[in-house]
Peer 1: 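Below is the structure I would like to discuss, written out as structure tokens.
Ligands are counted one by one from 1 in listed order, and the atoms in each one are counted from 1 as well. Quantities reported herein were computed from a predicted structural model and do not represent experimental measurements.
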Amino acid sequence: MKPITQAIRTRVEQTKEMEQSSPLFLTSSFCYTDAETMRAVFADEIDANIYSRFSNPSVDEFIQRVCALETAETGYATASGMSAVFASFMALMKQGDHLLSCSSIFGSTHTVITKILPKYGIEHTYVSANATAAEWEAAIQSNTKMIYLETPTNPGLDILDLEMISNIAKKNNLLLNVDNCFATPIGQQPIKYGADLVIHSATKWMDGQGRVLGGIVVGKEKLIHEIYLFCRSTGPALSPFNAWVLSRSLETLDVRMERHASNALYIAQQLENHLKIASLKYPFLTSHPQYTIAKKQMYNGGGIVCFELKGGIEAGRNFLNNLKLLSLTANLGDTRTIASHPASTTHAKLSEAERQAVNITPGLIRISVGLEHKDDILEDILQALEKC
Ligand SMILES: *Cc1c(COP(=O)(O)O)cnc(C)c1O
């Protein structure tokens, strides 16, 4: 079966009720018929569920569906994307290790790397999003353990070359851990390029309707087992209810992403030469600086479009204030189109220099293109641009 079919058909075993849709296992723990069975389960002699912090059938269904889409061996699902990121760091690195990453990275991940990991003696180096192979290699130290990256990056839409970086990781015996949240497995499969681990904030495109938080890390069995052991003791398990919602969402991920991406390409093309816009980025526009890499490793350009308003921070505020249809919210990857202005919101607490360091320019607008009619989305953006 093709991955899309598996993402629709893989399910928990049908119960004696013969239900068509998967049942929801909203239970914290599981029962045993007798003391001997219970002993054998706890001794790992029998493979059975124990407690939903360890495993749960509804959560397993979600994991198996994501594994099919990412062509991964196995996975562990977490309460949010950030708990997946954090668990992948804490389970696989220790005091004295070094993490190599890229300065264009999701804000909370940047906080974990720069403020939390140092408390545990794990240091890091950032290279820039357009670093060459030589620059990546030069940043490797004798204690480097892992390369962690995001592509396309949030919110700047930089594209990093998975094939190039994966070759460097292999050559130097480093783990390659990729946050694939923006592309989704429909848009890009990092494991095909040699990634050892792939992370998702399922909160975004996977749920796709702005309802539940969730996260997952999938990849090599040996590594996932370490992450599982870390999580089963520390407790960031995904709620079975959220897993059940997310599994239903995966059944439509392919068709949704196709439309998100075609709407986004249309919006990007229509706005590219707009008078109020200094520059615009979309991975599948020939004007994108890493267009060739995007075309090589992505099946579509994704649902996010970024542009820089000529009027800077004031223009950014005016743009948000004049939108009528688009939602102003911190999320992305929704059926409803969302606009955000990082400089005055998510990155407002950073100094101008810190914002520059992570490529947040004053007039940067990020549009998460939804599933409304493309002309309604465009019309709202155009009328708000008139007032900037
Ligand atoms: C949102 C996001 C995360 C964090 O996910 P949560 O589910 O919000 O914890 C991680 N990486 C990227 C690229 C994101 O956009």
Peer 1: Does the structure place the NZ or CZ of K204 under 6.0 Å from the centre of the six-membered ring of F182, at an angle of no more than 45° from the ring's axis?
Peer 2: no
Peer 1: Side chains of P152 and M298, heavy atoms from C-beta outward: is any pair under 4.5 Å?
Peer 2: yes
Peer 1: Could you identify the single nearest non-hydrogen protein atom to atom 3 (C) of ligand 1 and state the distance to 0.1 Å?
Peer 2: F106 CE2, 3.3 Å
Peer 1: Which residues satisfy the side chain to side chain donor-acceptor pair (under 3.5 Å) test with S233, sequence neighbours excluded?
Peer 2: none
Peer 1: May I ask you to say whether E251 pairs ionically with R9, meaning some side-chain N is under 4.0 Å from a carboxylate O?
Peer 2: no
Peer 1: So, is E150 polar-close to ligand 1, with some N/O to N/O distance under 3.5 Å?
Peer 2: no
Peer 1: Short list, please: which atoms of ligand 1 are under 4.0 Å from a heavy atom of G81?
Peer 2: 5 (O), 6 (P), 7 (O), 9 (O)
Peer 1: Suppose we measure from atom 11 (N) of ligand 1 to each protein heavy atom; which comes out shortest, and what is that distance?
Peer 2: D179 OD2, 2.6 Å
Peer 1: Going by distance only, is there an N or O of C181 that falls short of 3.5 Å from an N or O of ligand 1?
Peer 2: no
Peer 1: With salt bridge (Lys or Arg N to Asp or Glu O under 4.0 Å) as the rule and sequence neighbours excluded, what pairs involving residues 89-101 come up?
Peer 2: K94-D97
Peer 1: What do you reckon, does T203 have a nitrogen or oxygen under 3.5 Å from a nitrogen or oxygen of ligand 1?
Peer 2: yes
Peer 1: I'd like to know if D158 and K281 make a salt bridge, using a cut-off of under 4.0 Å between side-chain N and carboxylate O.
Peer 2: yes
Peer 1: Considering the heavy atoms of S201, write down every atom of ligand 1 situated less than 4.0 Å from one of them.
Peer 2: 1 (C), 2 (C), 3 (C), 4 (C), 5 (O), 6 (P), 7 (O)
Peer 1: Please confirm whether V85 comes within less than 3.5 Å of ligand 1 when only nitrogen or oxygen atoms on both sides are compared.
Peer 2: no
Peer 1: Of all the atoms in ligand 1, which lie at a distance below 4.0 Å from a heavy atom belonging to M82?
Peer 2: 4 (C), 5 (O), 6 (P), 9 (O)
Peer 1: For E372, is there an ion pair with R336 - N to carboxylate O distance below 4.0 angstrom?
Peer 2: no
Peer 1: Can you tell me the protein heavy atom closest to atom 15 (O) of ligand 1 and the distance?
Peer 2: K204 NZ, 2.7 Å
